[in-house]
Amino acid sequence: MTEPLTTDRLALRPWQDSDVDFAYDLYSRWLVQRFIGTEPVVMASRSEAEERVRRFQDLQHPVHGIWAVTRKDDGTPVGTVLLKPIPASGEEPLQPSADIEIGWHFHPDHWGNGYASEAAGAVLSHAFASGLEKVVAVTNPANEASQSVCRRLGMEHLGTSKKYYNDQCELFVGSKPALES
Ligand SMILES: CC(C)(COP(=O)(O)OP(=O)(O)OC[C@H]1O[C@@H](n2cnc3c(N)ncnc32)[C@H](O)[C@@H]1OP(=O)(O)O)[C@@H](O)C(=O)NCCC(=O)NCCS
């Protein structure tokens, strides 16, 4: 069960069947998909969106999750944040590694408001409060916006790596903050 989380402006909740139109609008855009995967493709049909929402809903874990990020003021969905095992590089089909990744996909209509950083910050806090010691993020080397989100979150840039997804990515790591005494 994806645990609901809130921030000043946002409510992060499990994906619902009623989010299919939003999922289709989000993932059918090249601007959103262009840096995702080794061979980016846009979603081509509403049935794919239904399948994606089902997959998002299927992830059942006490800590991991795939959140629909909505605005608190009017409930508008603005994006996705995920926290899940990251696939290790290797033979296809790729298998999940022991490392946990955080990722984000936001609708271009809502970029530039700090929503991605705010929502991902809440998910990172949830991850560390739930006992995870580190969380990784990978981005396409050209994806400066995503790298800015990593930096805003205080994640450390470890350089370029081919450790995950059979792809050359910029690798960032966030570590559980030491408890203040
Ligand atoms: C990555 C993404 C979530 C960032 O969304 P956003 O709304 O710009 O995020 P935020 O408002 O929280 O700010 C992110 C930072 O990126 C910067 N930024 C935004 N667009 C940028 C761009 N095209 N080039 C460089 N920097 C950019 C912002 O100025 C901000 O930087 P700051 O911390 O210096 O102020 C959004 O671009 C997106 O959903 N992209 C498509 C999906 C994707 O690529 N996901 C990541 C896969 S690794």
Are [X] and [Y] close enough that some pair of their side-chain heavy atoms sits under 4.5 Å apart?
{"X": "Leu171", "Y": "Tyr164", "value": "yes"}
{"X": "Leu26", "Y": "Phe106", "value": "no"}
{"X": "Arg34", "Y": "Asn143", "value": "no"}
{"X": "Ile102", "Y": "Leu82", "value": "no"}
{"X": "Thr70", "Y": "Val78", "value": "no"}
{"X": "Glu156", "Y": "Phe172", "value": "no"}
{"X": "Val63", "Y": "Glu3", "value": "no"}
{"X": "Glu39", "Y": "Val41", "value": "no"}

Would you mind checking if Glu50 and Arg46 are paired as a salt bridge, meaning a charged N to carboxylate O distance below 4.0 Å?
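Looking at Glu50 together with Arg46, the answer is yes, because their closest N to O distance falls below 4.0 Å.
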According to a 4.5 Å side-chain heavy-atom criterion applied to Ile, Leu, Val, Met, Phe, Trp and Tyr, with indirect links allowed, do [X] and [Y] form part of one hydrophobic cluster?
{"X": "Val173", "Y": "Tyr165", "value": "yes"}
{"X": "Val42", "Y": "Ile36", "value": "no"}
{"X": "Leu5", "Y": "Val149", "value": "yes"}
{"X": "Leu59", "Y": "Phe56", "value": "yes"}
{"X": "Met155", "Y": "Val81", "value": "yes"}

Report the distance from atom [atom1] of [X] to atom [atom2] of [Y], rounding to the nearest 0.5 Å.
{"X": "Met43", "Y": "Glu51", "atom1": "CE", "atom2": "CD", "result": "9.0 Å"}
{"X": "Leu83", "Y": "Leu132", "atom1": "CG", "atom2": "CG", "result": "6.5 Å"}
{"X": "Ile100", "Y": "Ser130", "atom1": "CD1", "atom2": "OG", "result": "11.5 Å"}
{"X": "Arg152", "Y": "Ser117", "atom1": "CZ", "atom2": "OG", "result": "4.0 Å"}

Which heavy-atom pair separates [X] from [Y] by the least distance, and what is that distance?
{"X": "Ser89", "Y": "Asp167", "answer": "OG-N, 4.3 Å"}
{"X": "Val135", "Y": "Ala127", "answer": "CG2-CB, 4.0 Å"}
{"X": "Leu94", "Y": "Pro87", "answer": "CB-CB, 3.9 Å"}
{"X": "Ala120", "Y": "Leu153", "answer": "CB-CD1, 3.7 Å"}
{"X": "Pro177", "Y": "Phe128", "answer": "CD-CD1, 3.7 Å"}
{"X": "Gly131", "Y": "Lys176", "answer": "CA-NZ, 4.1 Å"}

For the residue pair [Y] / [X], report whether a side-chain donor-acceptor contact shorter than 3.5 Å exists.
{"X": "Arg29", "Y": "His107", "result": "yes"}
{"X": "Glu170", "Y": "Thr139", "result": "no"}
{"X": "Thr80", "Y": "Trp104", "result": "no"}

Looking at [Y], is its backbone amide N or carbonyl O close enough to the side chain of [X] to form a donor-acceptor pair, meaning the two atoms are under 3.5 Å apart?
{"X": "Ser161", "Y": "Cys169", "answer": "no"}
{"X": "Glu48", "Y": "Ala44", "answer": "yes"}
{"X": "Gln95", "Y": "Pro93", "answer": "yes"}

Donor-acceptor contacts, no H, no angles, side chain residues 9-17, under 3.5 Å, sequence neighbours left out:
{"unit_1": "Arg9", "atom_1": "NE", "unit_2": "Glu118", "atom_2": "OE1", "d": "2.8"}
{"unit_1": "Arg9", "atom_1": "NH1", "unit_2": "Asn113", "atom_2": "O", "d": "3.0"}
{"unit_1": "Arg9", "atom_1": "NH2", "unit_2": "Asn113", "atom_2": "O", "d": "2.8"}
{"unit_1": "Arg9", "atom_1": "NH2", "unit_2": "Glu118", "atom_2": "OE1", "d": "2.7"}
{"unit_1": "Arg13", "atom_1": "NH1", "unit_2": "Asp19", "atom_2": "OD2", "d": "2.8"}
{"unit_1": "Arg13", "atom_1": "NH2", "unit_2": "Asp19", "atom_2": "OD1", "d": "3.0"}
{"unit_1": "Trp15", "atom_1": "NE1", "unit_2": "Trp67", "atom_2": "O", "d": "3.4"}
{"unit_1": "Gln16", "atom_1": "OE1", "unit_2": "Ser18", "atom_2": "OG", "d": "3.4"}
{"unit_1": "Asp17", "atom_1": "OD1", "unit_2": "Gln57", "atom_2": "NE2", "d": "3.1"}

Whether over 12 other heavy atoms sit under 6.0 Å from Lys72 NZ:
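It does: Lys72 NZ has more than 12 such atoms within range.
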Neighbour count above 12 (heavy atom, 6.0 Å) for Glu91 CD
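Not buried by this count: 12 neighbours or fewer within 6.0 Å.
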Classify the ring geometry between His110 and Tyr115 as parallel (under 30°), tilted (30 to 60°) or perpendicular (over 60°).
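Because their plane-to-plane angle lies in the 30° to 60° range, the rings of His110 and Tyr115 count as tilted.
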Sort out for me which residue in His64, Glu101, His61 forms a side-chain hydrogen bond (donor to acceptor under 3.5 Å, both in side chains) with Lys84.
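Option passing the side-chain hydrogen bond (donor to acceptor under 3.5 Å, both in side chains) with Lys84: Glu101.
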Please report the C-alpha distance between Asp58 and Arg55 in whole Å, then the side-chain angles of each, then the deciding distance to 0.1 Å, and finally whether the salt bridge (Lys or Arg N to Asp or Glu O under 4.0 Å) criterion is met.
CA-CA 5 Å; Asp58 278 351; Arg55 215 159 22 86; over 6 Å; no
Apply side chain to side chain donor-acceptor pair (under 3.5 Å) to the pair Tyr24 and Ser45, showing each step before the final yes or no.
CA-CA 7 Å; Tyr24 188 31; Ser45 70; over 6 Å; no
